[in-house]
> 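Can you keep this structure in mind? I'll have questions shortly.
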Amino acid sequence: MLSVAGADHIITMDLHASQIQGFFDIPVDNLYAEPAVLQWIKENIPEWKNCIIVSPDAGGAKRVTSIADRLNVEFALIHKERKKANEVDRMVLVGDVKDRVAILVDDMADTCGTICHAADKLLSAGATKVYAILTHGIFSGPAISRINNAAFEAVVVTNTIPQEDKMKHCSKIQVIDISMILAEAIRRTHNGESVSYLFSHVPL
């Protein structure tokens, strides 16, 4: 639809699967929220050197290992054991979060059932605090009431989706502004400069 509508270049952020780029016949720049996330963690979590980065499902392992490596901290992941008939999904935590600040990282959260479950799991496993950092905050249905009732210190999202309305109903939601990253990508593309710098740096 974008191509037919006349777009000749796509600039996007944290595609759910990077393979999506291959479906376009036009250039696609898939930017990452990671540099902005790293900056937020260092500026807003005083005890970040004693944190552990946690993926709420096995699919996000690559994302959390990358962040953990750049912060030089450990990572953990939560594995959902698929239910047999009439059983509830069981969440299994792989990794040691005891006495650490746990930071859940994922690319998006919709109804927030998984991350709220994960937060409970982390606290019962001995984490001192739990944060969630998500690129795309969809927050549909019961998401806001779930976050309000969960034990998060903060649920941090970027503004790839506008969050002003959701923030009015949930004091835990904090926003990382990524407009500068998109603006710099547009500027670099327009001037024929390299966009790959933005994969690992926040624009000044």
> Out of curiosity, does Ile45 fall in the hydrophobic cluster containing Val73 (side-chain heavy atoms, cut-off under 4.5 Å, transitive links)?
yes
> Evaluate the side-chain proximity of Leu198 to Pro35: yes if any heavy-atom separation is below 4.5 Å, no if none is.
no
> Is there a path of hydrophobic side-chain contacts, each under 4.5 Å between heavy atoms of I, L, V, M, F, W or Y residues, that connects Leu38 with Met13?
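Yes, one cluster joins them.
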> So Ile20 and Thr12, side chain to side chain contact (heavy atoms under 4.5 Å, CB included) or not? Walk me through it.
CA-CA 11 Å; Ile20 292 168; Thr12 185; over 6 Å; no
> What do you reckon, is NE2 of His9 surrounded by more than 12 foreign heavy atoms closer than 6.0 Å?
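Yes, because the 6.0 Å sphere around NE2 of His9 holds more than 12 heavy atoms from other groups.
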> Grouping I, L, V, M, F, W and Y whenever their side-chain heavy atoms are under 4.5 Å apart, do Val202 and Tyr32 come out in a common cluster?
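Different clusters.
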> State, to 0.1 Å, how close Ser179 and Asn159 come at their nearest heavy-atom pair, and which atoms those are.
N-OD1, 4.3 Å
> Would you say Val156 and Val37 make side-chain contact, with heavy atoms under 4.5 Å?
no
> Which pair of heavy atoms, one from Ser18 and one from Asn30, lies closest together, and at what distance?
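Heavy atoms of Ser18 and Asn30 come nearest at CB-ND2, 4.4 Å.
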> First locate atom CE of Met91, then atom CG of Leu77, and finally report the distance between them rounded to the nearest 0.5 Å.
11.5 Å
> Report yes if the side chains of Tyr197 and Glu184 come closer than 4.5 Å at any heavy-atom pair, otherwise no.
no
> Using modelled atom types only, decide if a donor and an acceptor are shared between the side chain of Asp57 and the backbone of Gly60 within a distance under 3.5 Å.
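Yes, because the side chain of Asp57 sits within donor-acceptor range (under 3.5 Å) of the backbone of Gly60.
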> State yes or no: do Val64 and Leu134 share one hydrophobic cluster built from I, L, V, M, F, W and Y residues joined by side-chain heavy-atom distances below 4.5 Å, directly or via other members?
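Looking at the clustering, Leu134 is in a separate group from Val64.
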> In Å and rounded to the nearest 0.5 Å, what is the CD1 to CZ distance from Ile53 to Arg100?
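Taking CD1 in Ile53 and CZ in Arg100, the distance rounds to 11.0 Å.
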> Check whether any side-chain heavy atom of Ile144 sits under 4.5 Å from a side-chain heavy atom of Phe139, and report yes or no.
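SC-SC contact between Ile144 and Phe139 confirmed.
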> Same cluster for Val54 and Val94 if Ile/Leu/Val/Met/Phe/Trp/Tyr side chains link at under 4.5 Å?
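No, it is not one cluster - the side chains of Val54 and Val94 are not joined through contacts under 4.5 Å.
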> Under a 3.5 Å threshold, yes or no: a donor from one side chain and an acceptor from the other, between Thr135 and Asp107?
no
> Would you say Asn50's side chain and Asp99's backbone share a donor-acceptor pair under 3.5 angstrom?
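Pair found, side chain donor or acceptor close to backbone of Asp99.
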> Charged N to carboxylate O below 4.0 Å: is that the case for Glu164 and Lys168?
no
> For the residue pair Thr189 and Ala185, what are the closest heavy atoms and their distance?
OG1-O, 2.7 Å
> Which atoms form the tightest heavy-atom contact between Lys172 and Asn148, and what is the distance?
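Of all heavy-atom pairs spanning Lys172 and Asn148, the closest is NZ-O, 3.3 Å.
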> Checking Asn191 side chain against Glu193 main chain: does a donor-acceptor pair fall under 3.5 Å?
no
> Taking the basic N atoms (NZ, or NE/NH1/NH2) and the acidic carboxylate oxygens, is any pair closer than 4.0 Å for Arg63 and Glu34?
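No.
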> Atom NE2 of His79 and atom CG of Leu93: how far apart are they, to the nearest 0.5 Å?
12.0 Å
> How far does CD1 of Ile181 sit from OG1 of Thr158, to the nearest 0.5 angstrom?
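With rounding to 0.5 Å, CD1 (Ile181) is 8.5 Å from OG1 (Thr158).
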> Which heavy-atom pair separates Pro56 from Val105 by the least distance, and what is that distance?
CD-O, 3.3 Å
> Does the side chain of Thr114 reach to within under 4.5 Å of the side chain of Ile78, using non-hydrogen atoms?
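No, too far: nothing below the 4.5 Å cut-off.
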> Walk me through it: do Cys116 and Phe152 pass the test side chain to side chain contact (heavy atoms under 4.5 Å, CB included)?
CA-CA 8 Å; Cys116 291; Phe152 292 111; 3.9 Å; yes
> Please give me the minimum heavy-atom distance between Asp14 and Ala33, naming the atom from each residue.
OD1-N, 3.4 Å
> Heavy atoms, side chains only, cut-off 4.5 Å: are Leu2 and Phe24 in contact?
yes
> Hey, which of Ile133, Ile176, Val175 is the one that makes side-chain contact (heavy atoms from CB on, under 4.5 Å) with Val157?
Val175
> To the closest 0.5 Å, what do you measure between NZ (Lys121) and CG (Leu104)?
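Answer for the NZ-CG pair, Lys121 versus Leu104, is 13.0 Å.
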> Given side chains that start at C-beta, do those of Val101 and Glu153 come closer than 4.5 Å, heavy atoms only?
no
> Does the side chain to side chain contact (heavy atoms under 4.5 Å, CB included) test come out yes or no for Val130 and Val97, once each step is laid out?
CA-CA 10 Å; Val130 181; Val97 301; over 6 Å; no
> Within a radius of less than 6.0 Å around CG of Asp165, do more than 12 heavy atoms belonging to other residues, nucleotides or ligands occur?
yes
> Is the side chain of Arg70 donor-acceptor paired with the backbone N or O of Ser200 at a distance under 3.5 Å, no angle test?
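Yes.
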> Is there a side-chain contact between Leu71 and Ile41 (heavy atoms, below 4.5 Å)?
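Heavy-atom side-chain distance check passes, below 4.5 Å.
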> Working to the nearest 0.5 Å, report the span between NE2 of His136 and CD of Gln163.
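Answer for the NE2-CD pair, His136 versus Gln163, is 11.0 Å.
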> Should the heavy atoms of other residues, nucleotides or ligands under 6.0 Å from CG of Asn72 be counted, would the total exceed 12?
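Result for CG/Asn72: open.
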